[in-house]
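Note that ligands are numbered from 1 as they come in the structure, with each ligand's atoms numbered from 1 the same way. The shown structure was predicted, so the numbers you read here are calculated from the model rather than taken from an experiment.
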Amino acid sequence: MSLLYQKQNQEIRPGVHLIQDVNASNSPMKYTAVKVLALDANASYDETLGAFEAGIVVLTGKVTVSADQQRFEGIGQRQSVFDKIPTDSVYVGTGLPFSVTAQTAAKILIAFSPTTTSFPVRLLKGDIHQIEHRGKYQNKRLVQNILPDDLPFADKLLLVEVYTDSGNWSSYPPHRHDHDNLPTESLLEEIYYHEMQPKQGFVFQRVYTDDHSLDETMTVQNQDVVIVPKGYHPVGVPDGYDSYYLNIMAGPTRVWHFHNAPEHAWIIDRK
Ligand SMILES: O=C(O)C[C@@H](O)[C@H](O)C(=O)CO
């Protein structure tokens, strides 16, 4: 089972280019799915959600999102994800139609999770994001929380952006969240959407379980997706390149409680 989905570039509607489309039909994921779309200026994409909720993240550019008689105009805060400016997102509840119209050339990520529980459509402005500077030594990273578990605005979805600069590791020391064992650990699937700067860069990501029945180390390139159905999932960033990824998480309970690999937990305790 490959966990790596390399970028596509398929024009699915006039001015709408499909970069990624990972879902239950082409992956083992049950709680999470993702679409990444590049929109030419003035291009529009619309969809009616089935029994899914969605988080529409404006990765780059300016768009207008309409859903459930609400219209959010001119949202999006950056030209590149590497501007490191928290961007705007829109949460759309289960079963609703939505449309996205690009005011400038734009890139959007749509995260999905199956649910029949309705939550209201909501604009999640970038300036409400909780920002974290995690790690030390060579595992420093910048975390921009878009839809963390302490915002009760979704039934299942959790969304977070992570920046890992040249020569650092993130999602490190390795942790897992694949046991439904609250309050110690929650069961959350995870999807990584990766970008690199400069674009020709790559990162290494390993996904592995305690018994190594799953143990895959991948070379991940710009706009690739990695799925984490279970297991630890560290990311290493080579010298000279900076990494961005957006994480989508979801599972039976919308809480992020993870378990650090015991043999590597000492990494956290260094002074
Ligand atoms: O802290 C990080 O390096 C990011 C990770 O926590 C990432 O968001 C993840 O693996 C969540 O389970």
Q | N or O pair under 3.5 Å between Tyr192 and ligand 1 | A | yes
Q) So, are Lys125 and Asp88 salt-bridged, with charged N and O less than 4.0 Å apart? A) yes
Q: For the pair Glu53 and Arg254, find out whether any cationic side-chain nitrogen is under 4.0 Å from an anionic carboxylate oxygen.
A: no
**Q.** Protein contact to atom 5 (C) of ligand 1 [nearest heavy atom, distance to 0.1 Å]
**A.** Ser171 OG, 3.5 Å
Q) Which atoms of ligand 1 sit under 4.0 Å from any heavy atom of Ser170? A) 3 (O)
Q: Decide if atom CD of Gln70 counts as having more than 12 heavy atoms of other residues, nucleotides or ligands within a radius under 6.0 Å.
A: yes
Q. Backbone or side chain, does any N or O of Asn247 fall under 3.5 Å from an N or O of ligand 1?
A. yes
Q: Check if His175 has a non-hydrogen atom at a distance under 4.0 Å from any atom of ligand 1.
A: yes
**Q.** Minimum-distance pair of heavy atoms, taken over all atoms of Val92 and Val121
**A.** CA-CG2, 4.2 Å
Q) Strictly under 6.0 Å, is that where the ring centroids of His257 and His179 end up? A) no
Q | Contacting atoms of ligand 1, where contact means under 4.0 angstrom from a heavy atom of Met249 | A | 11 (C), 12 (O)
Q: Taking only heavy atoms of Trp256 into account, list the atoms of ligand 1 that are under 4.0 Å away from them.
A: 6 (O), 11 (C), 12 (O)
Q.
Is the contact between Trp169 and ligand 1 made by the side chain, the backbone, both, or neither, using heavy atoms and a 4.0 Å cut-off?
A. neither
Q. Can you find a side-chain donor-acceptor pair between Thr164 and Tyr172 that sits under 3.5 Å?
A. no
Q.
Show me which atoms of ligand 1 lie under 4.0 Å from any heavy atom of Val160.
A. 8 (O)
Q. Does a sphere of radius 6.0 Å around NZ in Lys30 hold more than 12 heavy atoms from other residues, nucleotides or ligands, not counting ones at 6.0 Å or beyond?
A. no
Q) Between Tyr5 and Ser27, is any side-chain donor less than 3.5 angstrom from a side-chain acceptor? A) no
Q: Would you mind running through ligand 1 and noting each atom that sits below 4.0 Å from a heavy atom of His177?
A: 12 (O)
Q. Can you tell me which residue and heavy atom of the protein come closest to atom 1 (O) of ligand 1, and the distance to 0.1 Å?
A. Arg134 NH1, 2.6 Å
(Q) Suppose I only count heavy atoms of Val162 and a 4.0 Å limit; which atoms of ligand 1 are within that range? (A) 4 (C), 8 (O)
Q: Starting from atom 9 (C) of ligand 1, find the nearest protein heavy-atom neighbour and note its residue, name and distance.
A: Glu190 OE2, 3.1 Å
Q.
Suppose I only count heavy atoms of His233 and a 4.0 Å limit; which atoms of ligand 1 are within that range?
A. 10 (O), 12 (O)
**Q.** Part of Phe258 within contact of ligand 1 (heavy atoms, under 4.0 Å)
**A.** neither
Q | Sole residue of Leu37, Ile12, Val36, Asp40 in side-chain contact (heavy atoms from CB on, under 4.5 Å) with His17 | A | Asp40
(Q) Regarding Tyr232 and Asp210, do their side chains bring together a donor and an acceptor under 3.5 Å, going by distance alone? (A) yes
Q.
To check your reading of the model: name the closest protein heavy atom to atom 2 (C) of ligand 1, its residue, and the distance in Å.
A. Arg141 NE, 3.3 Å
